[in-house]
Amino acid sequence: MSSFVKNIIRFALFIAVQVFVLHQVPPLHKFIVPYLYFLYIIWLPFNTSRGALMFIAFIFGMTLDYFLKFPGLHAAPCVLIAYVRPFIVNMLIRQEGADQNYASPSATSMGWAPYATLVVILTILHNGYLVFLEWMQFGSFFFFLGKVAATTGVSLLLIMITELLFFRKEKFRTNTA
Amino acid sequence: MRNIFLFIRRFSNFLFFLVLQIFALYFLFRYNKFHEAAFMGVAGELTGKVSERYNTVEYYFNLKKTNEALVSENLALRKMLKQNYESPDTSQRFIIDSVKIDSVTVAQRYKYFDSKVVGNFVSEQNNYFTIHRGQNQGIEKDWGVISPTGIAGRIVNVGPNYSVVMSALNRQFKVNSMLKNSGEKGSVQWDGENPQYMLMKDVPKSAKVAKGDSVITSNLSDIYPAGIMVGTIAEVIDDKSSNFFMLKLKTSTNFYNLQYVTVIQDLQKEEKLRVEKAIKKVQ
């Protein structure tokens, strides 16, 4: 299956899971909102250009927003993590040229520790910015801190489960066939 | 000139990032104020259709509770019927004399439309739900929405066949209500904590309040008729520094399994607004 088709299917699946599964779970506490959907942006291939990455993230975020009837709230954090992702990937990549030898960021292509760092940084950025936008309209600083901490914890847990359940084997590609 | 192009080329990614951010934030803040967003009509139709598919499954699991709510509403309405009252004295007759039978529309103030809920969310701070009825079926913006057991929300965006309703579980939603027993007024709002509780503010301490008392919409409410259930008092928070009670209400509507709602049209709303506007102009 080509990477293009695969990513289109993933797009639909991530939105569907976020809207019809995670957002249907009765809320445990006001700080806990399970966000998983932005994992799609982390999983996009290495060779996506930065402009395309941001554009896809914008469309992806807006799609979720139109389902939840709140345009812009999730699109802005998605664009932010899409903009930041290449910087962090370049910083964390283990050996020279791993971003050319492998298709997309994962535990096998980057190594467990660098990949976990990437996921943690992007999750904190995404949730921090998202809650910041909410905090600007209402809420106290305590709301901001508590919600960022709680949503990040839940997001990381969900991402870990997803990574374990859907383990992606990345093929090593060389041009010296 | 050359330098400008070089600058744009060099920072094209950053500029594109800024443009997308500005777009997103513009959408967000504009929507917060006016509840209008670009493509909301088209997007609403599409997401509505998808949500409706999902709802056919979800609805099945909520059938029992939906049924119970509708039966209890029916029972409450049946209790109001004239036939319930029968006097042994046959010379006595019950007559409803406040409504002109042959020209009901003259006295009628509220009109009701039934509607199916598709796509309902409670986990955000600002919640909205979609109903399957829109412009083509005669719905307009700013009409009230109630569930079989109490208030549910207000229409904020209307598409051809689907409308977006601001749920009562929204930080921007406010409804003027009163205590059923004594009639003291106050405003009810959601504080974002728990979808089962709302807060009622500005109730004077002279009011007699007790746990379990009913709170209903007041006649000052812009969108609801007076007397629609809002909730029951779950906790009285006595703020020593002010002259007002803060009441924690248990919402009468169960927002977790909202399936059918009624949309309310106020036929005299325009006149009311016009008169109020005229006063403001004079002042």
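Note that the structure is a prediction, hence the values are computed from the model and not measured. A note on names: the letters A, B, ... follow the listed sequences, proteins ahead of strands, and every chain is numbered from 1.
- Only the side chain of A:Phe58 comes within contact range of chain B, with at least one heavy atom under 4.5 Å from a heavy atom of that chain.
- When all heavy atoms of A:Val79 and B:Leu20 are compared, the closest pair comes out as CG1-CB, 3.8 Å.
- The part of A:Phe143 that comes within reach of chain B is its side chain, from C-beta onward, which places non-hydrogen atoms under 4.5 angstrom from that chain.
- With chain B as the partner, the residue from A:Val25, A:Leu73, A:Leu22 showing the most heavy-atom pairs under 4.5 Å is A:Leu73.
- For the atom pair CZ (B:Phe16) and CG (A:Leu53), the distance works out to 10.5 Å, reported to the nearest 0.5 Å.
- Proximity to chain A (any heavy atom under 4.5 Å) is shown, for B:Val50, by both the backbone and the side chain.
- Highest contact tally toward chain B, considering only A:Leu28, A:Val33, A:Leu68, is held by A:Leu68 [criterion: heavy-atom pairs under 4.5 Å].
- Contact count against chain A (heavy-atom pairs under 4.5 Å) is highest for B:Phe14 among B:Phe129, B:Phe29, B:Phe14, B:Phe255.
- With a 4.5 angstrom heavy-atom cutoff, B:Met40 touches chain A via backbone and side-chain atoms both.
- Around atom CZ of A:Phe20, more than 12 heavy atoms belonging to other residues, nucleotides or ligands sit under 6.0 Å away.
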Extract the chain B to chain A donor-acceptor pairs under 3.5 Å, no hydrogen or angle test applied.
unit_1: B:Gln21; atom_1: OE1; unit_2: A:Tyr129; atom_2: OH; d: 2.7
unit_1: B:Gln21; atom_1: NE2; unit_2: A:Ala76; atom_2: O; d: 2.7
unit_1: B:Leu28; atom_1: N; unit_2: A:Pro71; atom_2: O; d: 3.4
unit_1: B:Tyr31; atom_1: OH; unit_2: A:Lys69; atom_2: O; d: 3.3
unit_1: B:Asn32; atom_1: ND2; unit_2: A:Gln137; atom_2: OE1; d: 3.2
unit_1: B:Ala38; atom_1: O; unit_2: A:Tyr66; atom_2: OH; d: 2.5
unit_1: B:Thr47; atom_1: OG1; unit_2: A:Lys69; atom_2: NZ; d: 2.8
unit_1: B:Tyr54; atom_1: OH; unit_2: A:Phe20; atom_2: O; d: 3.2
unit_1: B:Glu124; atom_1: OE2; unit_2: A:His23; atom_2: NE2; d: 2.7
unit_1: B:Glu124; atom_1: OE2; unit_2: A:Tyr35; atom_2: OH; d: 3.1
unit_1: B:Glu193; atom_1: OE2; unit_2: A:Lys30; atom_2: NZ; d: 3.2

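- Most heavy-atom pairs under 4.5 Å with chain B: of the set A:Ala82, A:Pro34, A:Ala76, this distinction falls to A:Ala76.
- Comparing B:Gly44, B:Ala24, B:Gly48 by heavy-atom pairs within less than 4.5 Å of chain A, the highest count is held by B:Ala24.
- Side-chain contact between A:Pro26 and B:Val122 is absent, with no heavy atoms from C-beta onward closer than 4.5 Å.
- Within 6.0 Å of atom CZ in A:Phe167, more than 12 heavy atoms from other residues, nucleotides or ligands are found, so the atom counts as buried in its surroundings.
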